[in-house]
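Only one structure is covered here, and it is reproduced in the block below.
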Amino acid sequence: MFNFLKDKLKDAVDKVGEKIKKEEEPIEDTPIVKEKVKEKKEEVKKEFEKEKLHEEIEDKGFLKQIKEKVTTKKISEEKFEDLFQDLELALLENNVAVEVIDKIKSDLKNDLVDNPLSRKNIEEQIKTSLNKSISSLFGNFPDILDKINKKPFVICFVGINGSGKTTNLAKVTNYLQKNKKSCVLAAADTFRAASIEQLQIHADKLDVKLIKHTYGSDPAAVAFDAIKYAKANDIDVVLIDTSGRLHSNENLMAELKKITRVADPDLTIFVGEAITGNDAVEQAKTFNEQIGLDGIILSKQDIDEKGGAAISISYITKLPILFIGVGQELDDLEQFNKDKILQQLGLE
Ligand SMILES: Nc1nc2c(ncn2[C@@H]2O[C@H](COP(=O)(O)OP(=O)(O)OP(=O)(O)O)[C@@H](O)[C@H]2O)c(=O)[nH]1
Ligand SMILES: [Mg+2]
């Protein structure tokens with residue numbers, strides 16, 4: 001699926017490139033290029049809506065592409081639109097949300113067009129402007145430890161199937177334990193085959209109590225029992241695993257609402273896969289609308305060459321990225337680091 005989109009985009013980029021090369025007059029006077037980009041933007045948007053794009057695309061990474069655009073492009077001040085069209089396509093190709101691209105464009109325009117630029121350090125000025133714009137997409141993301149303000153503190157993990165909820169719940173437990181917080185886990189995914197055993201393996205490894213019922217039982221009751229256990233045993237944090245569900249499945253979303261009503265979590269974390277790009281952003285938006293979220297864990301960042309979801313998700317949802325998942329092991333969890341992203345983009 002992704003390869004199809006990749007080829008289409010490559011064709012488009014080649015065509016636009018050819019046009020730019022052929023063009024004698026200043027590029028901003030050629031509506032055909034603008035039109036082309038607009039068309040592509042619509043096409044990409046439709047493609048994302050139509051298809052469920054869950055496969056990794058083997059492509060030149062976003063970070064590298066942006067770096068190339070920024071470091072190799074020599075532009076005069078008049079060529080803002082030209083520069084931005086290249087950037088725009090690179091951003092689109094790498095799963096940056098359209099709303100975010102518009103914001104970056106408007107920031108750059110404000111910075112670069114209104115202020116006359118000297119040719120000498122134009123690249124530096126563009127880089128600074130991009131840095132500032134992308135920086136402003138992220139707020140100050142809190143450390144989860146600073147959020148823990150009551151006992152027991154209840155955290156619920158939600159998201160679509162296979163996004164990494166259970167694995168990242170275990171990683172967060174590991175992080176909390178390392179910071180002297182006692183934990184209990186709730187196996188509130190009573191639906192998927194082997195889900196309870198999967199969590200049991202993590203619980204054993206972490207040496208924490210797992211509260212579990214039988215498959216098919218009420219997940220809200222499991223969560224309730226785990227909280228009861230925490231209260232009786234002076235445990236700091238309850239971590240509730242839930243089964244994966246699509247936000248479009250009304251029955252399963254109703255079940256999730258019941259869990260959150262009964263458990264009344266202090267923190268509801270959406271776990272989304274970075275590699276799914278715009279899909280992860282859309283899912284987070286819908287889960288937020290339906291059950292209310294407090295933060296995001298972006299999983300599988302280690303296998304995401306593009307970075308679009310990382311750049312877009314917090315700006316679009318207004319939610320903090322609490323952690324990023326960078327592998328399958330317990331220690332493969334990192335705090336979101338804005339500077340690191342900017343560095344990888346070649347903007348610092
Ligand atoms: N590379 C990588 N793999 C991950 C990461 N997080 C989770 N995984 C893998 O993704 C797969 C699915 O992870 P789970 O934690 O079972 O996902 P889930 O959301 O609980 O899945 P369901 O309960 O079936 O909805 C597993 O093979 C994990 O090892 C990550 O940050 N990086
Ligand atoms: Mg799971």
Side-chain angles (χ1 to χ4, degrees), residues 52 54-58 61 144 155-175 183 185-206 208 210-213 215-217 219-220 222-223 226 238-249 251-253 255-256 259 263 265 268-277 279-280 283-284 286-287 291 293 295-310 313 321-337 340-341 344:
K52 285 280 155 215
H54 286 294
E55 285 170 31
E56 192 187 348
I57 179 165
E58 283 175 15
I144 200 165
I155 308 177
C156 187
F157 293 75
V158 303
I160 71 151
N161 310 67
S163 67
K165 296 173 293 298
T166 307
T167 311
N168 285 286
L169 178 152
K171 293 183 206 171
V172 172
T173 306
N174 181 45
Y175 176 75
C183 300
L185 312 186
D189 178 357
T190 59
F191 178 71
R192 183 175 61 72
S195 65
I196 300 175
E197 286 79 2
Q198 183 192 3
L199 195 57
Q200 184 70 64
I201 292 169
H202 286 304
D204 292 345
K205 216 185 228 175
L206 293 157
V208 288
L210 173 69
I211 302 299
K212 57 185 176 183
H213 293 184
Y215 285 102
S217 61
V222 183
V238 180
L239 298 99
I240 303 168
D241 189 25
T242 65
S243 60
R245 67 203 74 218
L246 281 176
H247 43 282
S248 52
N249 186 321
N251 288 341
L252 290 179
M253 288 311 278
E255 183 202 69
L256 193 55
I259 300 173
T268 303
I269 299 180
F270 175 81
V271 182
E273 288 172 288
I275 40 170
T276 64
D279 280 346
Q283 288 153 14
T286 322
F287 269 79
I291 58 158
L293 300 171
I296 291 166
I297 293 180
L298 211 47
S299 69
K300 310 187 190 182
Q301 187 95 326
D302 52 313
I303 49 173
D304 177 31
E305 282 294 314
K306 305 196 148 197
I313 203 163
I321 300 174
L322 298 170
F323 291 105
I324 56 168
V326 292
Q328 311 200 33
E329 303 303 321
L330 286 176
D331 284 322
D332 293 332
L333 189 71
E334 291 179 2
Q335 309 265 2
F336 183 86
N337 185 335
K340 205 165 158 182
I341 291 236
Q344 286 170 332

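We count ligands from 1, going down the list as the structure has it; atoms in each ligand are counted the same way.
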| message | On a heavy-atom basis, I'd like to know which of Lys300, Arg192, Lys171 is closest to atom 24 (O) of ligand 1. | response | Arg192
| message | What I want to check is whether the side chains of Gln200 and Asp204 have a donor and an acceptor closer together than 3.5 Å. | response | yes
| said: Using a 4.0 Å heavy-atom cut-off, which part of Thr166 comes near ligand 1: side chain, backbone, both, or neither? | reply: both
| Qualifying residue for side chain to side chain contact (heavy atoms under 4.5 Å, CB included) with Thr242, from Leu252, Val271, Leu256 | Leu256
| Does Ser243 have a non-hydrogen atom less than 4.0 Å from ligand 1? | no
| Any idea which part of Asp189 is under 4.0 Å from ligand 1, heavy-atom wise: side chain, backbone, both or neither? | side chain
| request: Quick one: look up the protein heavy atom nearest atom 30 (C) of ligand 1 and list residue, atom name and how far away it is. | output: Gly327 O, 3.1 Å
| task | Go through ligand 1 atom by atom and flag the ones less than 4.0 Å from a non-hydrogen atom of Asn161. | result | 25 (O)
| Under 4.0 Å to a heavy atom of Gly244 - the qualifying atoms of ligand 1, by number | 25 (O)
| task | Looking only at protein heavy atoms, identify the closest one to atom 32 (N) of ligand 1 and say how far it is in Å. | result | Asp302 OD1, 2.9 Å
| message | Does either side chain, that of Asp241 or that of Thr166, offer a donor lying less than 3.5 Å from an acceptor on the other one? | response | yes
| Shortest protein contact, atom 17 (O) of ligand 1 (heavy atom only) | Gly164 N, 3.0 Å
| note | In short, Gln301 meets Ala310 closest at the heavy-atom pair NE2-CB, 3.6 Å
| note | Between Leu199 and Ala186, the two heavy atoms sitting closest are CD2-O, 3.9 Å
| field | Name of the residue among Ile144, Leu239, Ile240, Val158 meeting side chain to side chain contact (heavy atoms under 4.5 Å, CB included) with Ile269 | value | Ile144
| task | Start with the C-alpha gap between Arg192 and Gln198, add the side-chain angles, then the distance that decides, and say whether side chain to side chain contact (heavy atoms under 4.5 Å, CB included) holds. | result | CA-CA 10 Å; Arg192 183 175 61 72; Gln198 183 192 3; 2.4 Å; yes
| task | Would you tell me which option among Val326, Leu169, Ile275, Thr167 has the nearest heavy-atom contact to atom 15 (O) of ligand 1? | result | Thr167
| said: Between Thr167 (side chain only) and Gln328 (backbone N and O only), is there a donor and an acceptor less than 3.5 Å apart? | reply: no
| task | Please report the C-alpha distance between Phe270 and Lys165 in whole Å, then the side-chain angles of each, then the deciding distance to 0.1 Å, and finally whether the side chain to side chain contact (heavy atoms under 4.5 Å, CB included) criterion is met. | result | CA-CA 8 Å; Phe270 175 81; Lys165 296 173 293 298; over 6 Å; no
| field | Distance-only side-chain donor-acceptor flag, Lys171 / Asn174, under 3.5 Å | value | no
| request: Answer side chain, backbone, both or neither: which part of Gln198 comes under 4.0 Å from ligand 1, heavy atoms only. | output: side chain
| Mind checking whether Gly162 has a heavy atom under 4.0 Å from ligand 1? | yes
| Can you list the atoms of ligand 1 that are under 4.0 Å from a heavy atom of Gly325? | 31 (O)
| field | Heteroatom test (N, O or S) for Thr167 near the Mg ion (ligand 2), limit 2.8 Å | value | no
| Just heavy atoms, cut-off under 4.0 Å: does Asn168 contact ligand 1 by side chain, backbone, both, or neither? | side chain
| request: Measure Lys165 to ligand 1 on non-hydrogen atoms and call it side chain, backbone, both or neither using the 4.0 Å cut-off. | output: both
| said: Is the contact between Glu329 and ligand 1 made by the side chain, the backbone, both, or neither, using heavy atoms and a 4.0 Å cut-off? | reply: neither
| query | Got the closest protein heavy atom to atom 3 (N) of ligand 1, with its distance? | reply | Gln328 CG, 3.5 Å
| request: Would you please indicate yes or no on a ring centroid separation below 6.0 angstrom for Tyr175 and Phe323? | output: yes
| query | Ser195: heavy atom below 4.0 Å from ligand 1, yes or no? | reply | no
| Spatial distance of atom OG (Ser217) from atom CD1 (Ile196) [nearest 0.5 Å] | 6.5 Å
